[in-house]
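Notes follow the structure.
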Amino acid sequence: MLNSIETGIMKQMNEVINATDASYANAVYDDTQENSIPHQDQLISLNNNKDTIHLTTTKQGGIHFKNLCKTCQFGHENCTFHHDLELDHKPPTREALLPDMARSYRLLLGGLGENPDRQGLIKTPERAAKAMLFFTKGYDQSLEDVLNGAVFDEDHDEMVVVKDIEMFSMCEHHLVPFYGKVSIGYLPCNKILGLSKLARIVEIFSRRLQVQERLTKQIAVAVTQAVQPAGVAVVVEGVHMCMVMRGVQKINSKTVTSTMLGVFRDDPKTREEFLNLVNSK
């Protein structure tokens, strides 16, 4: 019987076998044959030391998970290769991903019946790869980095609202854009946030593969973490290209989502005041 650590390692190994991205490249290597990864049913022993977990196999010498957190399957916070619950493993650098992404876009163009070598398309794979990295740059940003100390002690307990913040994101179901505006309100408890930081929080979570419902909640939770207010309210209004360019093709449809936390959820009058401010011209 495998213990909990060994079970977690087996799961990690299976993920590596099926992985197609380069995010494991610095974490995993075969010590006998480059890019040759044995199947997990060939695993015959597992040896641990301080920094390396060694998986011995029947066909190759083995695979090393260098500095892999042994509790990785039970929490990311101690694993050097995890930095965000939505991104399984942190890439070495974003620039390092460009060659593989560009090759993938080139294959896509060929699959569409196009000639990737014609003048108008020859640089398209690289451009598209750079654009996709920009569209998803929020994966490399954290709340702490964005706040940069811009939380201030202030004897203010009245509502703060910043509305109509432009938002651009990517639908994770179809990889097409959705865009719109975000309105954020919070009720301070003697701490206020630099106003531009609210817009930057929107950028962190919108510049990822998203669904609008999750985006709305993530923004509200982030503001709560930043200043511990009495309540936070977020309303997002979005236009989704997956409904406009394809599918039902309803060009005038808009999706509105909201998250109410704390006093905004509990007190109808506070919620009504916020919604009136957001909807006023």
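- For K137, the NZ atom counts as densely surrounded, since its 6.0 Å shell holds more than 12 non-hydrogen atoms of other residues, nucleotides or ligands.
- With hydrogens and angles disregarded, no donor-acceptor distance shorter than 3.5 Å links the side chain of R207 to the backbone of T136.
- The environment of Q249 atom CD is dense: over 12 non-hydrogen atoms of other residues, nucleotides or ligands sit within 6.0 angstrom.
- Rounded to the nearest 0.5 Å, atoms CG (L195) and CD1 (I165) are 9.5 Å apart.
- With H240 as reference, Q212 is the one residue of K250, Q212, H173, K254 to meet the side chain to side chain donor-acceptor pair (under 3.5 Å) rule.
- Surrounding CD of E213 are more than 12 heavy atoms belonging to other residues, nucleotides or ligands, all under 6.0 Å away.
- Counting heavy atoms from C-beta on, the side chains of M170 and R208 never come closer than 4.5 Å.
- Residues M132 and F134 fail the side-chain proximity criterion, which asks for heavy atoms closer than 4.5 Å.
- Taking the six-membered ring where tryptophan is involved, the planes of F264 and F274 are perpendicular, since the angle between them exceeds 60° and thus also 30°.
- Under the 4.5 Å side-chain heavy-atom criterion for grouping Ile, Leu, Val, Met, Phe, Trp and Tyr, M159 is not connected to I219 through any hydrophobic cluster.
- Clustering ILVMFWY residues whenever any of their side-chain heavy atoms sit less than 4.5 angstrom apart, transitively, puts Y179 in a cluster other than the one holding V211.
- I192 has its side chain out of reach of V227: every pair of non-hydrogen atoms, C-beta onward, lies at least 4.5 Å apart.
- The side chain to side chain contact (heavy atoms under 4.5 Å, CB included) with K197 is formed by just one residue from the set V202, L143, L147; it is L147.
- No donor-acceptor pair under 3.5 Å is formed between the side chain of E166 and the backbone N or O of G180.
- Looking only at side-chain heavy atoms (C-beta outward), V239 and K181 stay at 4.5 Å or farther from each other.
- Placement of V151 and I184 within a single hydrophobic cluster is found when ILVMFWY residues are connected by side-chain heavy-atom separations under 4.5 Å, directly or transitively.
- Transitive grouping of hydrophobic side chains (ILVMFWY, heavy atoms separated by less than 4.5 Å) keeps F205 and V235 in distinct clusters.
- The closest donor-acceptor contact from the side chain of D267 to the backbone of V263 lies at 3.5 Å or more, if one exists at all.
- Taking both residues in full, the closest heavy atoms of I204 and S142 are given as CD1-O, 3.8 Å, listed atom of the first, atom of the second, then distance.
- Within a 6.0 Å sphere centred on NZ of K163, other residues, nucleotides and ligands contribute more than 12 heavy atoms.
- Between E172 and R214 there is a side-chain heavy-atom pair separated by less than 4.5 Å.
- To the nearest 0.5 angstrom, D145 atom CG is 10.0 Å from D140 atom CG.
- Residues V256 and M260 share a single hydrophobic cluster, defined by chaining ILVMFWY side chains whose heavy atoms lie under 4.5 Å apart.
- Shortest non-hydrogen contact noted between K191 and D153 is NZ-OD1, 2.9 Å.
- D155 CG: 12 or fewer foreign heavy atoms inside a 6.0 Å radius.
- Closest approach of E237 and M167 over heavy atoms only: O-CE, 4.4 Å.
- Pairing each heavy atom of P99 with each of E95, the nearest pair is CD-O, 3.7 Å.
- Between the side chain of Y186 and the backbone N or O of L193 there is at least one donor-acceptor pair closer than 3.5 Å.
- Residues V234 and V182 are in side-chain contact: their nearest non-hydrogen atoms beyond the backbone lie under 4.5 Å apart.
- By the neighbour-count criterion of 12 heavy atoms within 6.0 Å, atom CD1 of I251 is sparsely surrounded, having that number or fewer from other residues, nucleotides or ligands.
- For the pair L98/E126, no side-chain contact is recorded, criterion being any heavy-atom separation below 4.5 Å from C-beta on.
- In this structure, N276 contributes its side chain and E272 its backbone to a donor-acceptor pair below 3.5 Å.
- Under the 4.5 Å side-chain criterion, counting only non-hydrogen atoms from C-beta, S206 is in contact with L215.
- In this structure, CZ in F178 is found 7.0 Å from SG in C171, a value given to the nearest 0.5 Å.
- D164 and S183 make their closest contact through N-OG, 3.3 Å (heavy atoms, listed as atom of the first residue, atom of the second, distance).
- Between the CE atom in M101 and the CG atom in L108 there is a gap of 12.0 Å [rounded to 0.5 Å].
- Rounding to the nearest 0.5 Å places NE2 of H174 at 13.0 Å from CG of L209.
- How far NE2 of H156 is from CG of N190: 10.5 Å, rounded to the nearest 0.5 Å.
- Atom CZ of R200 has 12 or fewer neighbouring heavy atoms from other residues, nucleotides or ligands inside a 6.0 Å radius.
- Between R106 and D117, at least one side-chain N (NZ, or NE/NH1/NH2) sits under 4.0 Å from a carboxylate O, which counts as a salt bridge.
- In this structure, L109 and P116 approach most closely via the heavy-atom pair CB-CG, 4.3 Å.
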Apply side-chain contact (heavy atoms from CB on, under 4.5 Å) to T124 and I122, showing your working.
-> CA-CA 6 Å; T124 295; I122 194 165; over 6 Å; no
